Amino acid sequence: MEVSCKIVLTGGKQEPIMAAEWNWDSGKGLLGLDDPDEWDAAWERGESCLGTAAIGLALQCSLEEASPRIVKATQLPVPDQRGYAFTAAGTAARLNRELTPELYAALRAEGPKELAEGAIDDTLTFVPFRRLPPWFKRRWVLVTVRNRLEDLWLRAADAGGDAWQAVRGRSE
């Protein structure tokens, strides 16, 4: 039986949530999870919303505390929860401006596919170039060159379209 867990923000803001308010079935309150030991216990129990809870750890705990749990969550069998785990990795990159070697390895293993694409983009955006591992630096160069070429192509297409419109406007 697959359980769908949704990320829920109450009133648009986060508030400290007591353990009794964490609902592992629905995912409610798990963005406030600030206890790595509680996450570990939920892992042992086989709870269904571990990816959602990993985002909470990324938001509430230090990178050193959250990283091993986020890496575990990236290996969950449920694609939605794995996606949330990669969201947690991207969140960690945004907040800490760095990642652990284990998180970099998890992102590399997944590659720039659907689930990890956002986390990789966040890492390339928020982690300084000098802190990236060599393979990630190559990815940064590839993305930067591709984006620049796409920009040039679109500008040329716009200029060509504008020129064509000007020529057509004069000939009528």
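Because only heavy atoms are used, hydrogens play no part in the values below, and waters and symmetry mates are left out as well, while side chains stay in. Positions are given from 1, in the same order as the sequence printed here. Please read these numbers as outputs of a predicted model, since none were measured by experiment.
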Requested in this report: State, yes or no, whether a side-chain contact exists between L124 and F129 at a heavy-atom distance under 4.5 Å.
Outcome: no
**Report entry** Atom pair OG1/CZ of T123 and F86 - distance to nearest 0.5 Å
**Finding:** 10.5 Å
Query raised in the report: L63, L132: one ILVMFWY side-chain cluster at the under-4.5 Å cut-off?
Result: yes
Query raised in the report: Can you tell me how far CG of D37 sits from CH2 of W43, rounded to the nearest 0.5 angstrom?
Result: 15.5 Å
Query raised in the report: Which value, rounded to the nearest 0.5 Å, describes the distance between E38 atom CD and E47 atom CD?
Result: 8.5 Å
Requested in this report: Determine the minimum heavy-atom distance between T52 and G27, stating which atoms define it.
Outcome: CG2-O, 4.2 Å
Query raised in the report: What is the minimum heavy-atom distance between A88 and A58, and which atoms define it?
Result: O-CB, 3.5 Å
Query - side-chain contact (heavy atoms from CB on, under 4.5 Å) partner of E98, chosen from L95, T100, N96 - result: N96
Query - Non-hydrogen side-chain atoms of D40 and R69 separated by less than 4.5 Å - result: yes
Requested in this report: Work out which heavy atom in A116 is nearest to a heavy atom in G111; give both atom names and the distance.
Outcome: CB-O, 3.4 Å
Query raised in the report: Quick one: CG on L50 to CD on Q75, what's the gap to the nearest 0.5 Å?
Result: 12.0 Å
Query - Sidechain N-carboxylate O distance under 4.0 Å for R155, E150 - result: no
Query raised in the report: What pairs with R148 under salt bridge (Lys or Arg N to Asp or Glu O under 4.0 Å), at least two apart in sequence or on another chain?
Result: D151
Report task. Would you name the heavy atoms of A89 and I70 that are closest together and state the gap between them? Result -> N-CG2, 4.0 Å
**Report entry** hydrophobic_cluster_shared for L107 and V143, side chain cutoff 4.5 Å
**Finding:** yes
**Report entry** E65 side chain near W39 side chain, heavy-atom distance below 4.5 Å
**Finding:** no
Query raised in the report: With a 4.5 Å heavy-atom cut-off, do L115 and E110 have their side chains touching?
Result: yes
Query raised in the report: According to a 4.5 Å side-chain heavy-atom criterion applied to Ile, Leu, Val, Met, Phe, Trp and Tyr, with indirect links allowed, do L142 and W140 form part of one hydrophobic cluster?
Result: no
Query raised in the report: Heavy atoms, side chains only, cut-off 4.5 Å: are L33 and W24 in contact?
Result: yes
Query raised in the report: Q81 versus S48: any side-chain heavy-atom pair under 4.5 Å?
Result: no
Query raised in the report: Would you find a donor on one side and an acceptor on the other, under 3.5 Å apart, between the side chain of Q60 and the backbone of D34?
Result: no
Query - Inter-residue atom distance L30.CG - Y84.OH, 0.5 Å rounding - result: 11.0 Å
Query - Sub-4.5 Å side-chain heavy-atom contact between W153 and D158 - result: no
Requested in this report: Compare all side-chain heavy atoms of V71 with those of P68 and state whether any distance is below 4.5 angstrom.
Outcome: no
Query raised in the report: Out of curiosity, R94 CZ to T125 OG1, how far, rounded to the nearest 0.5 Å?
Result: 7.5 Å
**Report entry** Minimum heavy-atom distance Y104-F136, with the two atoms named
**Finding:** CD2-CD1, 3.6 Å
